[in-house]
*Asks:* 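Have a look at this one before I ask anything.
Naming convention: chains lettered A, B, ... in sequence-line order (proteins, then strands); numbering from 1 in each chain.
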Number of protein chains: 2
Amino acid sequence: MFKSLERRSGLLCVFSFLAFLSFATASGAQSAASLDLMPLPAHAVTGTGQLAIEGGFSVALTGYTEPRLIAAKERFLATLGRETGIPFQNGAADKATLTIQTAGASEAVQQLGEDESYRLEITPSGAQLTAKNPLGVLHGLQTFLQLVHITPSGFAVPAMTIDDQPRFPWRGLMIDSGRHFMPVDMIERNLDGMEAVKLNVFHWHLSEDQGFRVESKIYPLLQEKGSNGQYYTQTQVREVVQYARDRGIRVVPEFDVPCHTTAWFAGYPELASGKGPYKVETRWGVMDPAMDPTRESTYRFLDRFIGEMTTLFPDAYFHIGGDECDGKEWDANQAIDAFKKAHGLKDNAALQSYFTARVQKLVAGHHKIMEGWDEVLEPDTPRDVVIQSWRGPKALAAAARQGNRGLLSTGYYIDLNQSAAEHYLADPMEGDAASLTPEEKARILGGEATMWSEFVTPENVDSRIWPRTAAIAERLWSPQDVRDVASMYARLAVVSQKLQYYGLEHLSSTELMLERMTGDLDPKAMRILAAAVQPPMGYEREELRHYDATSALNRLVDAVPPESEAARKFGEAAKAVADGGASAEERREVRHWLVLWRENDAKLEPQLGKSELTVELAPVSQTLAQVATFGLEALEDLENHRVLDAGIAQRELAILKQAEKPQAVLRDMVVAPVEVLVQAASAH
Amino acid sequence: MFKSLERRSGLLCVFSFLAFLSFATASGAQSAASLDLMPLPAHAVTGTGQLAIEGGFSVALTGYTEPRLIAAKERFLATLGRETGIPFQNGAADKATLTIQTAGASEAVQQLGEDESYRLEITPSGAQLTAKNPLGVLHGLQTFLQLVHITPSGFAVPAMTIDDQPRFPWRGLMIDSGRHFMPVDMIERNLDGMEAVKLNVFHWHLSEDQGFRVESKIYPLLQEKGSNGQYYTQTQVREVVQYARDRGIRVVPEFDVPCHTTAWFAGYPELASGKGPYKVETRWGVMDPAMDPTRESTYRFLDRFIGEMTTLFPDAYFHIGGDECDGKEWDANQAIDAFKKAHGLKDNAALQSYFTARVQKLVAGHHKIMEGWDEVLEPDTPRDVVIQSWRGPKALAAAARQGNRGLLSTGYYIDLNQSAAEHYLADPMEGDAASLTPEEKARILGGEATMWSEFVTPENVDSRIWPRTAAIAERLWSPQDVRDVASMYARLAVVSQKLQYYGLEHLSSTELMLERMTGDLDPKAMRILAAAVQPPMGYEREELRHYDATSALNRLVDAVPPESEAARKFGEAAKAVADGGASAEERREVRHWLVLWRENDAKLEPQLGKSELTVELAPVSQTLAQVATFGLEALEDLENHRVLDAGIAQRELAILKQAEKPQAVLRDMVVAPVEVLVQAASAH
């Protein structure tokens with residue numbers, strides 16, 4: 001499970017660590033809080049005893065230092081203060097509790113592949129964090145914060161030695177500020193969350209059909225006509241870049257061209273292939289507008305624009321998008337058609353390829369390395385272009401074979417409401433990538449979680465990113481064979497709780513939204529319903545109801561997290577009951593939940609009519625009661641060793657099949673576990 | 001209940017309004033959400049129908065305008081967006097839903113007694129807000145936001161006409177940034193809360209024995225030696241002053257002299273009456289260090305210092321503190337003794353009076369009006385000096401009789417953990433003030449809630465200020481005869497919920513602190529205990545345990561709010577049961593809570609030993625179970641018309657008497673209601 005880096009004695013500790021983790025899984029996360037790390041380190045040796053975290057706790061910086069390290073120390077003490085409620089003084093102490101030894105500087109602009117390793121040694125008398133450069137220090141401090149837990153003798157970290165380094169050099173989170181604008185405070189608190197789980201690339205998706213989000217001084221109509229007043233000033237961009245750098249995070253901007261560009265055309269219609277007029281798009285989906293790749297003026301505009309943006313974003317990489325061109329505006333434009341013929345461009349893919357090659361030269365001219373989505377890859381794409389794959393491992397492996405570097409986003413689309421487990425088990429080195437040569441494998445840089453924003457607002461977006469992105473962070477940091485799902489969920493719950501100390505609102509937003517929906521100050525029955533449902537998965541939501549950029553996202557589907565913790569635990573316990581291997585505690589829990597759900601409708605139903613936002617939930621609540629009733633009957637049969645009549649089972653399963661269908665844009669997560677119970681009861 | 005300002009028809013609406021409110025009280029706050037205003041307006045006429053709040057909602061500014069009004073409009077739309085989850089565009093509309101008509105400007109620097117009135121007319125087709133100046137507009141917008149509630153047809157405000165104006169011109173909140181430093185974001189979110197309930201003075205207590213909190217460029221050692229690095233830069237002060245002005249709030253700074261000044265002396269010991277050396281105080285209480293009132297250099301220093309501070313704080317008033325001098329340093333200093341004799345100053349009070357008079361001249365020289373605590377009042381105190389009374393209504397009335405203006409803080413000490421009802425019923429015009437002449441009464445300017453910060457940190461301070469300060473705000477704004485406690489509590493719960501949309505953390509902080517204390521991600525049993533206890537009242541906490549500025553405030557006493565909503569409701573229902581007038585619902589509730597409390601200890605007890613922060617709660621939890629057991633037995637007797645044996649009752653009451661005593665610095669709020677039940681059962 002852990003890379004044994006240095007010596008055989010590592011093997012021993014691996015086993016003790018594993019034993020500890022399974023203990024954690026069996027008896028609740030907090031029992032083994034001391035090792036509730038996420039991502040798990042590459043190598044850890046547990047020691048004896050613990051280091052107390054008390055009021056006199058102090059930190060000393062030794063060796064190389066710089067303002068970022070001083071800021072990191074202060075931030076560390078502030079976070080530790082929030083974690084413990086202890087006021088720490090940032091003063092000098094005779095003997096520091098935690099000594100940080102930094103060998104030297106990191107690059108002036110953080111580079112892909114820079115050393116991020118650190119060593120953290122904790123004994124009952126003190127702790128030592130050593131790293132080659134500030135990046136390792138930042139990671140080590142976050143590990144320390146995760147180790148803090150309450151004990152009978154106060155807050156403490158366990159004695160241990162950790163040697164840690166990431167598996168992949170590119171561990172990203174993309175946030176789409178185009179479709180729903182995300183204010184700077186949302187970006188910054190999520191950068192704090194990224195630091196907490198050792199992600200190191202913030203991919204900032206800054207332009208879309210629905211909004212152009214950065215101030216351009218050269219082309220001010222971009223934001224003036226393209227953003228409805230919702231954009232980042234250049235000062236704010238610089239602040240975010242600095243904020244990220246302070247946390248060991250690169251910022252890669254994305255300006256998506258030649259499509260997803262309607263908002264550009266609101267101010268500069270001459271860039272477009274169509275006649276216009278254009279205004280900022282409010283619908284979701286793939287739109288027709290596309291830049292005109294045949295006119296030299298388009299490239300002159302892009303050259304100056306990229307030049308301006310590269311002064312704002314110091315990172316070596318520059319993302320030009322390139323995804324989802326439907327080609328309709330190109331087909332409808334005779335001049336473009338003529339151009340294609342004159343240049344031997346046989347189809348729109350070839351035309352886009354021509355465009356991409358031109359843009360790549362502009363990007364390179366500004367000393368940046370181009371990045372793009374799958375579509376930018378062509379046989380003659382320069383070897384330094386980085387491919388971000390949304391099409392999947394096959395496309396990623398193809399890029400690597402061709403000599404291009406790439407990163408995986410398939411499997412990490414956190415807007416699609418998949419489970420943490422599904423994201424966790426998606427590995428950049430699986431599928432086609434597994435059969436690559438070592439040289440080709442080295443071209444797979446890592447991956448990125450992508451927070452597309454059709455269905456999130458600044459209010460609920462944290463709950464879509466966290467805690468699931470922490471599981472993706474572990475996938476990208478920890479050794480490949482760290483993939484125990486039960487351990488992941490146990491530790492995820494702990495890291496999720498701790499992320500609140502970083503200001504993230506993923507746990508608090510649900511309650512406030514339920515109160516608002518119901519107009520009820522203590523919406524007990526609604527909370528119970530909320531814990532049983534989830535938003536639709538994949539792209540089903542758009543099929544169930546019409547949404548656009550003006551839609552209010554204030555209903556139950558927006559309030560509940562993408563993955564119900566209660567339903568997941570219920571499902572596990574129900575499965576154990578069905579298998580006949582359930583503990584008494586599990587049987588009690590299954591019964592407890594089923595009774596709660598069966599009886600909830602009678603309490604909730606009379607309230608639902610009071611609010612336009614809840615009236616549609618009546619059938620959802622009713623179905624839940626019906627499903628729970630079947631579940632309870634099946635449970636009784638199983639406990640009393642009675643066999644459920646096959647005909648009844650059949651009828652119930654038919655009704656349950658119906659109940660699987662979303663109602664009020666919500667999935668009932670209790671249905672599948674109850675189906676398992678009914679099947680078990682009838683097969684008994 | 002409401003001032004009938006204009007016409008007799010007002011009388012009719014008063015009655016309908018009252019009927020509505022009592023309905024609200026009887027059936028839960030949300031039923032009458034439409035009139036859940038706090039403070040209640042001076043005059044309101046309910047209309048027919050409601051105005052829908054939908055995506056197309058828009059606001060137009062007409063008449064006089066200024067940047068503050070444009071900012072207020074944007075802020076209003078943002079808050080409305082958080083309240084409803086609806087994205088509002090800040091664009092122009094053909095016909096605005098809400099039209100704001102402002103007659104003219106307010107003063108360049110907000111003045112005491114400026115017109116704050118507004119008129120808000122809402123019909124199903126639109127709303128009109130009119131005011132003489134921006135101050136009235138700000139208040140009217142907050143009233144509108146409070147009127148928003150969810151209905152079966154969506155969010156709406158009820159049709160009505162409100163004519164509103166404050167009872168007192170000085171409605172303040174004091175925050176003590178000296179004892180525990182409060183970061184700018186805490187100050188700003190509380191200014192938002194103040195605006196929401198129409199408070200108009202932020203009294204900023206900026207220096208204490210434990211910390212000097214403002215950057216001085218003339219005397220930089222004040223913050224360098226006196227703040228442990230925790231102070232406001234001048235830029236931040238200007239930002240806060242502007243932030244407050246944007247919200248119709250004056251900022252009155254307080255620099256407390258000649259005592260409470262240890263932190264000044266850390267950098268400038270020559271100001272002190274003692275020999276020093278001085279360092280920032282960490283103990284709580286009244287300290288000996290005092291400025292030397294006999295040396296001219298003291299006044300030269302203060303003159304330059306006040307001059308610098310008056311450039312930062314534009315308000316006409318300047319608070320010099322003046323409270324709690326113990327005189328010990330003066331007594332110990334022979335030169336001071338000689339000075340007193342030479343100048344005929346018979347005691348230390350006379351010496352302080354001499355000092356105050358000198359300082360008053362300095363303040364006046366910088367064109368400011370001096371304010372001070374009770375102690376600064378002497379027979380020859382200039383008539384324009386404003387007295388803030390912590391000694392009580394008698395002192396306040398005495399000041400008014402003498403010709404000085406004053407404001408009440410007695411009764412509004414929100415650090416003392418009194419109930420909202422106690423604060424609510426304290427009226428500046430009661431007691432000695434009631435017998436003042438109209439001219440003298442006019443000198444009573446209002447009052448101020450005071451958030452002294454010995455026992456609060458930025459983490460839990462919101463929960464000490466809110467929601468109780470909203471009840472004080474109503475006392476100071478609404479007509480004197482608005483004093484129905486049941487109505488106040490019903491409306492307070494609603495305003496408390498809404499204050500979350502302003503970023504206040506008063507409701508969310510408890511949960512996070514309970515999780516931290518227990519190391520439990522879902523501390524169910526701890527929540528149940530937490531709902532039954534309160535912090536000690538008054539100054540009892542300091543008698544129960546030693547605290548100083550380095551103490552961690554991270555235990556149950558710090559996590560629970562000052563007033564338990566559950567215990568208060570339980571107490572009301574228990575009283576109804578004892579009186580024999582309880583509804584079936586109330587009887588059910590009393591039983592429900594008692595059973596929960598009786599059974600909680602068995603669940604909680606095994607967990608308490610896991611954390612140093614909870615181990616001391618074992619007897620608290622045990623006592624709660626014992627008390628609940630007595631309560632349940634008494635309830636059974638009452639319900640079965642059995643008389644509880646007098647001897648048993650006596651023994652139980654003796655045990656309950658013991659249980660009244662704080663344990664682990666916590667009061668068990670269930671004891672008193674159970675005593676009522678036991679007494680009723682034995683007297684039955």
Side-chain angles (χ1 to χ4, degrees), chain A residues 28-31 33 54-56 74 81-87 89-91 149-155 180 228-230 457 459-460 493-494 496-497 500-501 505 507-508 511-513 515-522 549-555 558-559 565 609-615, chain B residues 28-31 33 54-56 74 81-87 89-91 149-155 180 228-230 457 459-460 493-494 496-497 500-501 505 507-508 511-513 515-522 549-555 558-559 565 609-615:
Chain A
Q30 61 273 26
S31 318
E54 295 163 331
E74 285 169 11
R82 285 192 300 276
E83 246 189 293
T84 59
I86 300 170
Q89 297 294 335
N90 187 21
H149 65 291
I150 186 73
T151 76
S153 54
F155 287 98
H180 272 103
N228 288 320
Q230 295 191 302
T457 67
E459 179 178 53
N460 72 351
V494 180
S496 180
Q497 198 279 335
Q500 296 180 98
Y501 300 124
E505 299 169 2
L507 295 179
S508 59
E511 171 64 18
L512 201 51
M513 292 177 81
E515 289 171 16
R516 179 170 66 201
M517 275 171 48
T518 55
D520 187 345
L521 311 179
D522 185 14
T550 69
S551 303
L553 299 177
N554 58 2
R555 291 175 183 251
D558 305 298
E565 181 86 350
K610 291 181 190 166
S611 160
E612 191 206 15
L613 302 177
T614 60
V615 68
Chain B
Q30 60 274 23
S31 319
E54 295 163 330
E74 285 170 11
R82 286 193 299 276
E83 246 189 291
T84 59
I86 299 171
Q89 296 294 334
N90 187 22
H149 64 291
I150 186 73
T151 76
S153 53
F155 286 97
H180 272 105
N228 286 320
Q230 295 191 301
T457 67
E459 180 179 51
N460 72 351
V494 179
S496 180
Q497 198 279 334
Q500 296 180 98
Y501 300 124
E505 299 169 2
L507 295 179
S508 59
E511 170 65 16
L512 201 51
M513 293 176 81
E515 290 172 15
R516 179 171 66 203
M517 276 170 49
T518 55
D520 187 346
L521 312 179
D522 185 13
T550 69
S551 302
L553 299 177
N554 58 2
R555 291 175 185 251
D558 305 299
E565 181 86 351
K610 291 181 190 165
S611 160
E612 191 207 14
L613 302 178
T614 60
V615 68

*Asks:* Given the options Leu512(B), Leu553(B), Asn460(B), Val615(B), which has more heavy-atom pairs under 4.5 Å with chain A than any of the others?
*Replies:* Leu512(B)
*Asks:* Which value, rounded to the nearest 0.5 Å, describes the distance between Glu515(A) atom CD and Leu507(B) atom CG?
*Replies:* 7.5 Å
*Asks:* Please state whether the side chain, the backbone, both or neither of Met517(A) comes within less than 4.5 Å of a heavy atom of chain B.
*Replies:* backbone
*Asks:* Using non-hydrogen atoms only, which part of Ile86(B) is less than 4.5 Å away from chain A: side chain, backbone, both, or neither?
*Replies:* both
*Asks:* Using the test side chain to side chain donor-acceptor pair (under 3.5 Å), find all partners of Gln230(B) that sit at least two apart in sequence or belong to another chain.
*Replies:* none
*Asks:* Can you tell me which portion of Thr457(B) sits under 4.5 Å from chain A's heavy atoms? Options are side chain, backbone, both or neither.
*Replies:* neither
*Asks:* Go through the atoms of Arg555(B) and report whether side chain, backbone, both or neither lie under 4.5 Å from a heavy atom of chain A.
*Replies:* neither
*Asks:* Does any heavy atom of chain A fall under 4.5 Å from the side chain of Thr614(B), the backbone, both, or neither of them?
*Replies:* neither
*Asks:* Working to the nearest 0.5 angstrom, can you tell me the gap between Ile150(B) CD1 and Asp520(A) CG?
*Replies:* 12.5 Å
*Asks:* How would you list, by chain and number, every residue that makes a side chain to side chain donor-acceptor pair (under 3.5 Å) with Asp558(A), sequence neighbours excluded?
*Replies:* Arg541(A)
*Asks:* Is it the side chain or the backbone of Ser611(B) that comes within 4.5 Å of chain A heavy atoms, both, or neither?
*Replies:* both
*Asks:* Under 4.5 Å heavy-atom distance to chain B, tell me which part of Thr84(A) shows up: side chain, backbone, both or neither.
*Replies:* backbone
*Asks:* Is there side-chain contact between Glu511(A) and Glu511(B), with at least one heavy-atom pair below 4.5 Å?
*Replies:* no
*Asks:* Of the non-hydrogen atoms in Gly85(A) and Ala552(B), which two are nearest, and what is the gap between them?
*Replies:* O-CB, 3.5 Å
*Asks:* Is a side-chain donor or acceptor of Arg82(A) paired with a backbone partner of Glu459(B) at a separation under 3.5 angstrom?
*Replies:* no
*Asks:* At a heavy-atom separation under 4.5 Å, does Ser508(A) approach chain B through its side chain, its backbone, both, or neither?
*Replies:* neither
*Asks:* Taking atom CG of Asp522(B) and atom CD of Gln497(A), what is their separation to the nearest 0.5 Å?
*Replies:* 11.0 Å
*Asks:* What part of Ser551(A) lies closer than 4.5 angstrom to a heavy atom of chain B: side chain, backbone, both or neither?
*Replies:* backbone
